[in-house]
Student: 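One structure, as structure tokens, below. Some questions next.
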There are 2 protein chains.
Amino acid sequence: MSGSPTYVDIQELTGLSLSTISKYFNGGNVRERNRITIEDAVARLGYQVNQHARSLRAGRSSTVGVLLPDFGQSSAFHLSIIGGTEEILRSRGIGLIVSTAGARPSGVDFLRARMVDGIIAVPDPRDEAELKAAVARDIPVVLIDRLIDDVDTDAVVLDNRHAVRIAVDALVEQGHERIALICGTDEIWALRERAAGFDEALRAHGITPRPRLIRRGPLTAEFGDLAVQSLMGGDEEIPPTAIVCANDALTRGAMGAVVRLGIHVPDTLSVIGFDAEEIADVTTPPLHYVHQPTRQIAEEAAQLMIRTLNDESARSARTVVLRARLVAGRSIAAPSGTEPHA
Amino acid sequence: MSGSPTYVDIQELTGLSLSTISKYFNGGNVRERNRITIEDAVARLGYQVNQHARSLRAGRSSTVGVLLPDFGQSSAFHLSIIGGTEEILRSRGIGLIVSTAGARPSGVDFLRARMVDGIIAVPDPRDEAELKAAVARDIPVVLIDRLIDDVDTDAVVLDNRHAVRIAVDALVEQGHERIALICGTDEIWALRERAAGFDEALRAHGITPRPRLIRRGPLTAEFGDLAVQSLMGGDEEIPPTAIVCANDALTRGAMGAVVRLGIHVPDTLSVIGFDAEEIADVTTPPLHYVHQPTRQIAEEAAQLMIRTLNDESARSARTVVLRARLVAGRSIAAPSGTEPHA
DNA sequence: CTGTTAGCGCCTTCAC
DNA sequence: GTGAAGGCGCTAACAG
């Protein structure tokens, strides 16, 4: 027994022809007697179909790639993408190859070399070009969370403007006007949208956005921390009475600064987090936050991919837009200046 | 241009033979002039080596599987495993297929069907049998975090007894004696070890472990919350003056209960978390916690896998044991009862 | 250094 | 229903 068993081994054990055996493994009609003989041989040999041969022959791999930004960043979100897609795809017999973007050579090429049937991606700016090329080659691509300019393909995204609007609404309702935003840069579509949503929401309430209260930077806890520090400490200006964070890492960093600086929430400052499921219950007080249906996003993406894989013709660019909701905590209250008026 | 380009397409464009082209892609010596011609054709065609054909020929897939418990659980740890192994394996041209354990049919069989060259696993109890079978079939397996009885294979684990001991040492040094442990069940090796380490550490300090202060259950935030609730509230007994959590989810749950019940840390209760990197800075006060080198664990596992893959003979069962360290926060202090004595 | 050839294991025509 | 033959794309012998 040198290598793995093959059809030939089964043939020798059963005396049946290769085509009969193949048919057995591919759902064809096989005589009952032969079916049993084959199953017997399979069990005895510990036979496993050779996917390489099958894939080579079929021209498909029954594998899709998941491309994520560097793992340093918004971990929980990425994990739920892997988890959600894996579960659905596996139930269809499709495997998941994971690759991180940003690295050179591109993760897209790495996945292409592994002959994935499609790619589900949270596109990092550095991989947009390769993804665009993949789409041009008719490789099924489903974008998650972030859109790419001039690329026409399936996507599942959040209604980002709405997500920020509900946060702003909640704060304005409490009487806040000096509301700050800690957000990522325009390089990434989702954050561009969230910043735009912030602007829109303020204007809708008749509040003129103040550039100094909008801090844009990398999606890291470090930047979130820094932003709070400079908003609440360094400036000569009157500090904001409320802060909205546009991402989970930024939220963590912001809350870290709040704890370290001893800022009293919500008395001195109201805070609304984003995707803060993991930390909302352990902060004092529990965080009010924007909750993105991460799991559902992943599952919708998997469904889109499956549909595309099953029906080559349907290469239309569908965009599924989902909405976030606010999860109530105790980190927002009326601004301290307004309390005497009450 | 129906299918993907192949060697034949390159041949037609360059006039070179298939073996020259193959040699180019496999690091052989090719005449400079031809090298350029090939690279030119490759660029023009957007050629990608067909891994299926290569794998079929070579008998290897250059792919390894990562098997994880259900994603509901200790997310950050799992993500760093995917991230750490992916990075190292990709640099060797090896892809990563991710699968979750627990589901039926077993993730192990799913990975075997996809012809992975090896499996890196954080074994779920429900998949131990299949992993054992895989090892018996000479499939390279590297275990992470948890060992399995009677399975002789490579592994990378934490010195779990030490990890808990340093936590207990720190608390005893502050004067604590009524120390509680919130831990997983004996079903999982790592948690069995942590519980044993707790026992050892107490005895080393001349403290007799009290069964009522040791709460064992599922590795969920819910159980961590429940455990704190019952330790600090429900019991008639005197509550503990300190708590050690044995896992990240348990830590989150425990801290959630602490916040909700308004327990003052560290005045009323000292808390030491486990793998609490994500939340340590946002709790009030910042958490003191046991820090497991998760990233290093993943990388060591990838290295072991690569070594095994490169050298079939070296199928010895190496176990790499790494040590945790304590990260200082402000969640521990002398027990309130002792302060008057000081 | 380059060209020719024979399969890796499977599936899909075709005949029977 | 079953049997025989060719080829998916690549690589590892060989020759030249």
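Convention: sequence-line order gives letters A, B, ...; per-chain numbering from 1.
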Student: To the closest 0.5 Å, what do you measure between CE (A:Met115) and NE2 (A:His52)?
Tutor: 13.0 Å
Student: Report the residues that fulfil side-chain contact (heavy atoms from CB on, under 4.5 Å) with A:Met305, sequence neighbours left out, ordered by chain and then residue number.
Tutor: A:Val64, A:Ile120, A:Pro140, A:Val142, A:Leu309
Student: Rounded to whole Å, how long is the line connecting atom CZ of A:Arg60 with atom C1' of C:dC11?
Tutor: 12 Å
Student: Select base, sugar-phosphate, or nothing to describe what A:Thr6 touches, counting heavy atoms under 4.0 Å on all strands.
Tutor: sugar-phosphate
Student: Going 5' to 3' along DNA chain D, between which two nucleotides do contacts with chain A fall, using a heavy-atom cut-off of 4.0 Å?
Tutor: D:dG1 to D:dG9
Student: Determine the contact category for B:Leu16: base if any of its heavy atoms lies under 4.0 Å from a base atom, sugar-phosphate if only primed atoms, P, OP1 or OP2 are that close, otherwise nothing.
Tutor: sugar-phosphate
Student: With sugar-phosphate meaning primed atoms plus P, OP1 and OP2, does B:Thr20 contact a base, only sugar-phosphate, or nothing at under 4.0 Å between heavy atoms?
Tutor: sugar-phosphate
Student: Please list, chain by chain and in numerical order, all residues satisfying side-chain hydrogen bond (donor to acceptor under 3.5 Å, both in side chains) with B:Asp109, sequence neighbours excluded.
Tutor: none
Student: Any side-chain N or O of A:Arg54 below 4.0 angstrom from OP1/OP2 of C:dG9?
Tutor: no
Student: With no hydrogens and no angle check, just 3.5 Å: does a side-chain donor-acceptor pair link A:Thr63 and A:Asp117?
Tutor: no
Student: Where does the angle between the aromatic ring planes of B:Tyr47 and B:Phe25 fall among parallel (under 30°), tilted (30 to 60°) and perpendicular (over 60°)?
Tutor: tilted
Student: Rounded to the nearest angstrom, tell me the gap between atom CG in A:Asn50 and atom C1' in C:dC11.
Tutor: 13 Å
Student: Are B:Lys132 and B:Asp149 ion-paired here, with the side-chain N under 4.0 Å from a carboxylate O?
Tutor: no
